[in-house]
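Count residues from 1 along the sequence. Just follow the structure's listing: the first ligand is 1, and inside any ligand the first atom is 1.
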Amino acid sequence: MKSDKKAENEKKFYDSCRVKTGNNFQLSRIAPQDTPLVSFEKKEAVAELKKLNVRLDELQELLYAESKYKILIILQGMDTSGKDGTIRDVFAGVNPQGVKVKSFKVPTSEELAHDFLWRVHQATPANGDIVIFNRSHYEDVLIVRVHDLIKKNVWQRRYDHINDFERMLTEEGTVILKFFLYISKDEQKKRLQDRLDDCQKHWKFRVTDLKERKLWPKYMKAYNDMLPKTSTPHAPWYIIPADHKWYRNFLIASIIVNALQNLKMNYPQSPNNLKGVKVV
Ligand code: ADP
């Protein structure tokens, strides 16, 4: 059993990166290059991540065996913020059968002909599954706003639609963890440059990334508005300072492992409480 003090410290740790609802939220108060909450540096974080990878693999098996809960992990962030890297590094070592990744791209004409949550709902996890959204329905209040793709009154009412949708999912047994990978504009510049300098990374570079970069302030405004409006007790947003990949990975892996441990899952009993195999 964990001591009360340890449990209390852990709660503080996880609460401190959860976005609280209300009007006081200011994204600019958080520094993407900081590594708060930990007293150690890269080497130790990398070693800790390896342990978390192993623990996550164990918990995934338990989740699947018990088949009671569904886990939905949502990753949002600007281009180069590390969504792909997070999936690779945090889930390294987890049984590939146990995790599905769904990437949300520009909607097709069929998707656009439906309500914005239509394509999303189909991709949500079933009992025992972990599904990671690489981008998500949050694009429907972010990019659509920044590019004026739809009218203001339409994206504004979507905050309520999203909160209702996520509440329904959680009431039906889904645990939702939402991570905003917060990088600085300088770090994005470095990462984009790196993609041009390294011939093995050219494929990652898209000219449209530069166009989106120009809209940085508009995106930050949209995130600043969206995060406190859609961070709820049942589906909280965690802001992850993400300029340092080692910190990003460690923090996200810790939050996921903690959330799964809190479910207090158990392996099911043998069918009919069978004790032995009779030879026939
Ligand atoms: P990524 O940048 O995620 O690695 P892509 O380069 O294919 O993958 O980019 C996907 C693009 O699709 C992003 O620019 C994203 O903003 C866009 N997108 C996703 N969902 C929507 C949406 N609902 N409406 C408009 N654009 C969207």
Side-chain angles (χ1 to χ4, degrees), residues 32 72-91 99-124 131-166 178-185 187-196 198 200-227 229-230 237 240 242-243 245 248-249 252:
L72 176 58
I73 293 165
I74 297 179
L75 301 179
Q76 278 294 151
M78 297 294 283
D79 292 321
T80 77
S81 60
K83 298 183 289 296
D84 297 315
T86 299
I87 296 169
R88 190 187 54 230
D89 298 338
V90 170
F91 289 88
V99 185
K100 291 184 199 130
V101 179
K102 172 70 185 169
S103 299
F104 288 94
K105 309 277 181 183
V106 177
T108 62
S109 52
E110 191 191 14
E111 287 167 348
L112 279 176
H114 289 82
D115 67 85
F116 77 104
L117 291 171
W118 179 74
R119 66 174 183 164
V120 178
H121 201 174
Q122 296 174 53
T124 54
V131 172
I132 305 166
F133 281 1
N134 184 348
R135 300 188 187 273
S136 64
H137 43 295
Y138 285 97
E139 294 294 328
D140 294 289
V141 291
L142 293 167
I143 189 168
V144 296
R145 168 179 179 172
V146 169
H147 284 269
D148 284 324
L149 300 179
I150 54 171
K151 290 198 183 118
K152 184 173 179 184
N153 69 320
V154 177
W155 60 253
Q156 266 187 334
R157 63 186 182 219
R158 286 184 174 175
Y159 296 131
D160 283 343
H161 297 155
I162 290 174
N163 288 340
D164 287 346
F165 172 64
E166 292 182 352
K178 306 186 292 202
F179 298 101
F180 170 50
L181 310 189
Y182 187 30
I183 54 161
S184 62
K185 204 173 171 203
E187 181 63 19
Q188 189 193 51
K189 189 176 176 196
K190 274 191 218 145
R191 292 184 188 182
L192 286 172
Q193 187 61 49
D194 192 39
R195 289 179 179 185
L196 287 175
D198 181 346
Q200 290 190 352
K201 291 187 183 167
H202 287 175
W203 63 275
K204 289 190 186 180
F205 190 91
R206 291 177 313 137
V207 179
T208 51
D209 292 348
L210 297 177
K211 285 195 192 140
E212 295 303 303
R213 181 173 162 77
K214 283 203 182 123
L215 297 167
W216 189 276
K218 278 186 147 192
Y219 270 107
M220 289 308 114
K221 193 163 182 269
Y223 271 108
N224 198 71
D225 206 19
M226 174 280 275
L227 289 163
K229 285 200 167 76
T230 58
W237 273 108
I240 308 297
D243 274 8
K245 294 175 186 172
R248 171 200 80 199
N249 291 339
I252 294 179

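Not one N or O on the side chain of N249 forms a donor-acceptor pair closer than 3.5 Å with the backbone of T86. Put simply, the side chain of T208 never gets that close to the backbone of K211: no donor and acceptor are under 3.5 Å apart.
Between W237 and Y138, the angle of the ring planes goes over 60°, which puts this pair in the perpendicular group of the 30/60° scheme. A perpendicular orientation is assigned to the rings of F133 and H137, their planes being inclined by more than 60° (bins at 30° and 60°).
With a heavy-atom cut-off of 4.0 Å, E212 does not touch ligand 1 at all.
Shown in contact with R119 at under 4.0 Å from a heavy atom are these atoms of ligand 1, numbered in order with element: 20 (N), 21 (C), 22 (C), 23 (N). Residue D79 approaches ligand 1 through these ligand atoms, each under 4.0 Å from one of its heavy atoms: 2 (O). Atoms of ligand 1 lying under 4.0 Å from any heavy atom of F104, numbered from 1 in the order shown and given with element: 19 (C).
The shortest N or O to N or O distance between E139 and ligand 1 is under 3.5 Å.
Contact of the D209 side chain with the E212 side chain is not registered, since no non-hydrogen atoms from C-beta on lie closer than 4.5 Å. With a 4.5 Å cut-off on side-chain heavy atoms, Q76 and F179 do not count as touching.
Looking only at heavy atoms of the protein, atom 3 (O) of ligand 1 is closest to R135 NE, 2.6 Å. What sits closest to atom 23 (N) of ligand 1 on the protein, heavy atoms only, is D140 OD1, 2.9 Å. The shortest contact between atom 4 (O) of ligand 1 and any protein heavy atom is with D84 OD2, 4.3 Å. In this structure, the protein non-hydrogen atom closest to atom 5 (P) of ligand 1 is K105 NZ, 3.7 Å. Of all protein heavy atoms, the one lying nearest to atom 9 (O) of ligand 1 is R206 NH1, 3.9 Å. Closest protein heavy atom to atom 12 (O) of ligand 1: V106 N, 3.1 Å. Counting protein heavy atoms only, atom 26 (N) of ligand 1 is closest to I143 CG2, 3.5 Å.
For the salt bridge (Lys or Arg N to Asp or Glu O under 4.0 Å) with D225, the lone residue among R158, K218, R145, K152 that qualifies is R145.
Closest of all the heavy-atom pairs between D79 and I183 is O-CD1, 3.8 Å.
Scanning P107, S136, G77 for the heavy atom closest to atom 22 (C) of ligand 1 points to P107.
Relative to the six-membered ring of F104, K102 meets both conditions, a distance below 6.0 Å and an angle of at most 45° to the axis.
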